[in-house]
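Below is one structure, written out as structure tokens, with a few remarks after it.
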Amino acid sequence: MDKKAAEQKIQELSEKLHYYNYKYYQESVSEISDYEFDMMLKELIELEKQFPDLKSSDSPSQRVGGDITKNFETVEHKIPMLSLGNTYSKEELDDFDGRVKRGLGDEEYEYFCELKFDGVAISLHYENGKLIRGVTRGDGSKGDDITNNAKTIRTIPLKVRGNDFPEYFEARGEVFLPREAFNEINREREENGEALLANPRNAASGTLKMQDSGVVAKRKLDCYLYSYAGEDLPIDSHEEGIKQLEKFGFNVSQTYEKCQNINEVFEFINEWEEKRHSLPVDTDGIVIKVNSLAQQEQLGFTAKSPRWAIAYKYKAESSTTILKEITYQVGRTGAVTPVANLEPVSLAGTTVKRASLHNANEIARLDLRVGDTVHVEKGGEIIPKITAVDLTKRDLGSSEVEYIKNCPECGTELVRAEGEAVHYCPNKKGCPPQIKGSIEHYIQRKAADIDSMGERTIHLLYEKGLVKNIADLYDLTYEDVFELEGFKDLSTKNLLKGIEESKQIPFENILFGLGIRFVGKTVAEKLAAHFKNIDNLSRASFEELIEVPEIGERIAQSVVEYFQDQDNIELIERLKSAGLQFEIKETIIEQKGNALEGKSLVVSGVFEHYGRDEIKGVIKQYGGKVVSAISGKVDILVAGENMGPAKRQKAEKLGVKIIDETEFRSLIKEN
Ligand code: IVH
């Protein structure tokens, strides 16, 4: 493609991608399939790679990240980012209203109420309608330039909608990690033996400060905007600012309301006290703002915060109950977690029986004793926590909790590394939950993907002494499995087939499956891509490891230690002999011809000469593009045996050319 054509194509793709992105993330409408979207994005990225000077700063390709920021530059806020005065009491809110009334000399006024989102404040700078900078609040007068990371947040427009934007403005709001996404990350971290993130707010703030925007892009951050700022903006009220942000295509939470007086504000507060838990983001209160900008100006600021706004904070829901017992759980990595077993108590609509105590420090911090009356609280987090002990109710005969010294599962003496809060059972290869956990970790979809196996089977295999580590899986015979409780001929064959198929799973997945501490899926992918095979990785020094982007000292140390252990080397040797993949496969498509250059093809049904994936590969070898769904943009439908009639009808209706396998082969001259 020549440069002129590329420029046109890039513009066309960018416009479409901006449009579909807006529709999807702001209006929840998918006009095209995810696949088609990804293909368009891929095409754009390819073109921008070929013609780097055609890549604009607001290209939709920025969404996938990839730029690395080593040091975030400090940026001064043109307009300071102030904080808000806050209160937990309605009386103080009445006082606030009194001050507003006096400050405005008994003039009419109205309030604009919003939820107070618990995330990280950010200011987005737009010049000529394009996002040019994203800055964190920092200390209020200067923050960090996190533009590359902000661009990966899909609901933040890289280019605003419409044309009537001022030359320069700022959109301010809160970046947050939706609770769902947060839980997902923690599930993953638990699996990887990494410390859990405390709450969605910390997670959002940590994510915004990551160096690799490619990793940020995967984290599903979102952003609600609540302030339109700039000089001489053509608006008279906060409400108009919010409406303008909506028109520009920003994500504004539809929870705001205008209130005519403080009583309506109280109603708003009551209305959201419970309802706020159903929002995708944690909220900790309400923000009340005087609506008129002229009146805001009249009221002015104190040293720290505006006199025209205040935050009302909800109290966390809490209750008291009795601590009956402390039990201990051992995870896959050997980490021991103490659990408080409570007298059941009702809290925020659910019955609470257990609370996590995290580690020994937490027990000491709370000075917790069995039999104590404790305060339990349920904030945004799903697992309730103990916040304090009611010392007035303490039984004088009670004694301090003695943290266990030995593993409750295997009896091995626990260890606690220098500077770490968590106790570990070091008996990796002999402690039942660790062994079973490591196998469960290995068989999961993101790793060896042995879906014919589950927790129960692992338990049976372990109890029978057949499997003590992941390499043992590959020595299992038909008889071994057939004799397990509940296994018949078909289920036995199915299980063995699943194990056999795992030998084709790519190296990076297997590397993740090994369960090296701190090596999650993304880290495994980075290590595999960098070192290419397990031998290089196993020989890598600490220094070589930390050279790899996003690999920190903790991960590097863990990898080095893993390969220093002779048992692990032997395990890998056994897996190698079993035929597992320990090298990355570079899938370079060897170009065989150009018969399909520039054409989009759909394949459907079964073929005589090709497997399903094989024919797709052949299409690419001849310059064609494979798409999944029939649309007007498809050039050719390659119809195999047993293709569904609906597909054919649709293709006919849209005038897509339909060819059979023989015609396809003659097209690429392969017979
Ligand atoms: S307005 C001058 N509106 O709360 C007023 N802030 O303590 C500027 N926040 O730093 C803030 N939701 O991070 C405003 N609807 C909302 C908010 C909100 C959350 C946060 C924001 C700010 C802090 C103020």
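Residues take their numbers from the sequence shown, with the count starting at 1. Quantities reported herein were computed from a predicted structural model and do not represent experimental measurements. Order of appearance sets the numbers: ligands from 1, and atoms from 1 within every ligand.
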State, to 0.1 Å, how close Ser57 and Lys151 come at their nearest heavy-atom pair, and which atoms those are. O-NZ, 2.8 Å

Can you tell me how far the CZ atom of Arg133 sits from the CG atom of Asn148, to the nearest 0.5 Å?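 Rounded to the nearest 0.5 Å, the CZ-CG separation comes to 12.5 Å.
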
Taking the six-membered ring for Trp, is the centroid-to-centroid distance between Phe176 and Phe117 below 6.0 Å?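 Centroid distance Phe176-Phe117: not below 6.0 Å, so no.
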
With a 6.0 Å cut-off on ring centres, are Phe169 and Phe248 close enough? yes

Taking heavy atoms and a distance under 4.0 Å, where does [X] meet ligand 1: side chain, backbone, both or neither?
X: Leu84; answer: both
X: Met81; answer: neither
X: Glu114; answer: side chain

Is the closest side-chain heavy-atom distance between Ile286 and Lys116 below 4.5 Å?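 No, side chains not in contact.
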
Hey, does [X] come in under 3.5 Å of ligand 1, counting only N/O atoms on both sides?
X: Phe117; value: yes
X: Leu115; value: yes
X: Trp308; value: no

Numbered atoms of ligand 1 (with element) below 4.0 Å of Val287, judged on heavy atoms: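 Answer, ordered by atom number: 3 (N), 15 (N), 16 (C), 17 (C).
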
Per-atom contacts, ligand 1 versus Arg137 - under 4.0 Å to a heavy atom: 10 (O)

Counting heavy atoms only, which of Val120, Ile242, Leu82 is nearest atom 8 (C) of ligand 1? Leu82

Can you tell which of Arg201, Glu174, Lys289 gets a heavy atom nearest to atom 20 (C) of ligand 1? Glu174

For atom CD of Glu107, decide whether the heavy atoms of other residues, nucleotides or ligands shown that lie under 6.0 angstrom number more than 12. yes

Does OH in Tyr24 sit with more than 12 non-hydrogen atoms of other residues, nucleotides or ligands closer than 6.0 Å? no

Of all the non-hydrogen atoms in the protein, which one sits nearest to [atom], and at what distance?
atom: atom 23 (C) of ligand 1; result: Lys116 NZ, 4.1 Å
atom: atom 2 (C) of ligand 1; result: Pro306 CG, 3.6 Å
atom: atom 22 (C) of ligand 1; result: Tyr226 OH, 4.1 Å

With a 4.0 Å cut-off on heavy atoms, is Ala311 touching ligand 1?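 No, that is not the case, since the closest heavy atom of the residue is not under 4.0 Å from the ligand.
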
Apply ring pair (Phe, Tyr, Trp, His ring centres under 6.0 Å) to Phe112 and list each qualifying residue two or more places apart in sequence or on a separate chain.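 So Phe112 forms a ring pair (Phe, Tyr, Trp, His ring centres under 6.0 Å) with His238, Tyr256.
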
Checking salt bridge (charged side-chain N to carboxylate O under 4.0 Å, His left out) against Glu114, which of Arg276, Lys289, Lys258 comes through? Lys289

